[in-house]
Amino acid sequence: MNAKITRRHTLAALALAATALSPFAAHAEDVVKVGVILPMTGPSASTGREIAAAIKLFQEQKGDKAGGKKVEVIIKDDTGVADITKRLAQELVVNDKAAVIAGFGLTPLALAAAPIATQAKVPAVVMAAGTAIITEASPYIVRTSFTLPQNTMPIAQWAVKNGIKKVVTLVSDYGPGIDAEKTFVATIKENGGQVLESLRSPLKNPEFAPFLQKAKDLKPDALFLFVPSGQGAALMKQVSERDFAKEGIKVIGTGDVTDDEQLNNMGDAVLGMITSHNYSADHDSPENKAYVAAFEKANPGLRPNFMSVGGYDGMALIYAALDKTKGDTDGTKLVEAMKGMSWTSPRGPISIDPETRDIIQNVYIRKVEKKNGQLYNVEFETMANIKDPFKAAKAAKK
Amino acid sequence: MIDTAIHATKGGESRAMAYFAERAKWRWPEFALWIGAFALAFLFPSRALLFNEVAILALFALSLDIVLGYAGIVSLGHGAFFGLGAYVAGLLAKAGAGAGLFSDPTFGLLISGIACAVVGYITSFLVLRGADLTRLMVTLGVALIFAELANRMAWLTGGADGLQGVMPGKILGIFEFDLYGRNAYLYSLTTLFLLFIVARKVINSPFGVSLRAIKGNALRAGAVGINVNRRLNGAYTIGAAYAGVAGALLAQTTAFVSLDVLDFHRSADVMLIVIFGGVGTLYGAIVGAAAFKMLYDLLAAATPQYWQFWLGLILVLLVLFVRGGVMGLVGGLYNRLTGKGGAA
């Protein structure tokens, strides 16, 4: 073979590889890019799927214009791995010149990206992760999901009101789980209740059986549960096998356990379970009815859950902020515009706390019931305008 | 060729030495590869972050190639050292808080490497007790223990939320980690290059040749007077140290450590990369890592939901139809090009 020709071929191949690697053509001035980083694959894929579907729906409904500019959404899959989240955030800011980054399926993922938001002065809209401290990690973080203390306090108060004295808690052993446990235990103790045991199950490869058995043996009035979105079905299957009701033990939890996405497959064993949460697909409002109908039409077989609504409202917030700045994409101005913003979401009235950049929203007490042959979390009590209790307590101390 | 080494008598010694000197010589594609790798930082500054991940992954794969490709120890728990190195470097940078010796990245690399070498040496005795399948289980078990330890010791590691406040200082007190990741890439690549040269020397040293003899046939190697277990202890220790340095690079360049660094998928991915690139070739680790990451990046950008399917399909086809991995392909090409025997 002729060496010269082969070398030329090699050069040609290299040149080809080079063009394949080079970034795409320069973007037009009047486009605002929103980089959304989600776990689209891996154990938290359901979170990514719900949020991505909600974002798509939002853009179909409201168009792609905000503040006079075209909003372009770039979705990236971080597989739920923190160092990839960080790199994607960095690339979105540096290469794609994203004006806003958003998404963040789990607490460590949001915390990994926080320094990028601060360094690049780009707003980071947290659409899913729920540990209280996240908004403190960067002054550019704004949250449209929820915090665990916010969702937990109402069920603890409900338990106290309904004569529950002795409790056992079982949570996933990571930030949000520990937040939920702390809040629940503190509220119960403040009201003279007794916490028999606080159990924590590992986040990955969860095996609930030994914990549930222990909880049952302790014979509390109620067992409080928290697991992240996506693990509820596995937990509730094991709960129903143990028949807590027969022992007179009430099973309660945050709405993460009776996640709308999985609820229908959990079977009648979850009927009557009481939870507190910021969103139910059954929420009775015209906004929500329209939202659920449109979402289910666009995604057959998928029911919108609290993750989806976090994504939908995140987009609403970004659009509203762009409208307010008249298309100015300066990060500091955008965050300023987001502070104090309030609107009616499918979940009810919500606003962004100007002090903490965290969400203020109603939290509902719900009971699992059957409607038209399907299981739903039916809301029966509303606790209005709940702020994150952790940060509220901190502010009160000052 | 192994037989040549083992059967080298006094008369054949100089011939064998000449043979190994010839093997150890640098060839032009190698220069091209390294110059190209450094040039990438300036040609495509916007992709520096991805290249940085490639360099780190390549170093990690290199460490497994030493263990798997040369010492023949099948390890499914190599991620343990990667994770340990990441946590050591992360904790050091946190303790240093941006200034002083502790936050110096090069110092962090050194300490992480040493820590992993020590742990690697100790665990190598466990690993070497059994045959292939037992080794697989022991390495897997060690990795699981490390992952659970990191999870339990949340006061030190931050548990499932990850280690917060990792602030690596300037590299050698001069270069800062920038938002574009160029310095991070050059830093990781330089580390990879230096450690690669060392690995190349080790592999072509009598120690490296004895490893290949052991891999070929451990009984015969023992019969000609090679202390099999001591050599394998050594190779495993070197591999552990290299993996630790790779983990440290990740912790420093991303300024974050989460439990994920100890996850099983790290060990599995890196084994895939080594096999994909070509086992026991050193360059296979680097080429494999580059190909794996680039493929992942292209596919994940094209279809964020289904990239795993395409990546899986491509890997299966490659392993089925391209024997010896990418390096088998490249080696064959090179030989045809130069008309010489002996792969690069």
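Letters A, B, ... are given to chains in the order of the sequence lines, protein chains preceding strands, and every chain is numbered from 1.
Among the residues in residues 245-253 of chain B, those with a non-hydrogen atom closer than 4.5 angstrom to a non-hydrogen atom of chain A are B:L250.
Heavy atoms of B:S258 lying under 4.5 Å from chain A belong exclusively to its side chain. With a threshold of 4.5 angstrom between heavy atoms, B:E53 approaches chain A through side-chain atoms but not through N, CA, C or O. For a residue to count as touching a neighbouring chain, one of its non-hydrogen atoms must lie under 4.5 Å from one of that chain's; by this rule A:S172 does not touch chain B. Only the side chain of B:D263 has a heavy atom closer than 4.5 Å to any heavy atom of chain A. B:Y296 touches chain A through its side chain: at least one heavy atom from C-beta onward sits under 4.5 Å away, while N, CA, C and O do not. Contacts of A:A120 with chain B are made by both backbone and side-chain atoms, with heavy-atom separations under 4.5 Å.
Ranked by heavy-atom pairs shorter than 4.5 Å toward chain B, the options A:V81, A:V93, A:T107 are led by A:V81. With chain B as partner, the option from A:T79, A:I178, A:T41, A:T131 having the largest number of non-hydrogen pairs under 4.5 angstrom is A:T41. In terms of non-hydrogen atom pairs under 4.5 Å with chain B, the most contact-rich of A:K76, A:R49, A:E91 is A:E91. The candidate with the highest count of non-hydrogen atom pairs below 4.5 Å against chain B, out of A:P176, A:A112, A:A82, A:G48, is A:A112. Annotation: maximal heavy-atom pairing with chain A below 4.5 Å, among B:L49, B:L43, B:D260, occurs at B:L49.
Summarising the local packing, CZ of B:F175 is surrounded by 12 or fewer heavy atoms from other residues, nucleotides or ligands at distances under 6.0 Å. Counted within 6.0 Å of CH2 on B:W34, heavy atoms from surrounding residues, nucleotides or ligands total more than 12; the atom is thus considered enclosed.
Between A:R87 and B:N52, every side-chain heavy-atom pair lies at or beyond the 4.5 Å cut-off.
Judged by distance alone, the side chain of A:D77 and the main-chain N or O of B:A300 form no donor-acceptor pair under 3.5 Å.
One finds the CG atom of A:N95 at 12.5 Å from the CZ atom of B:F44 (value rounded to the nearest 0.5 Å). With rounding to the nearest 0.5 angstrom, the CG atom of B:L163 is 11.5 Å from the CG atom of A:L111.
For A:D83 and B:R266, the salt-bridge test passes: some basic side-chain N is under 4.0 Å from an acidic carboxylate O.
Between A:K86 and B:T254, the closest heavy-atom pair is NZ-O, 2.7 Å. Closest approach of A:P108 to B:F256, counting heavy atoms only: O-CZ, 3.5 Å.
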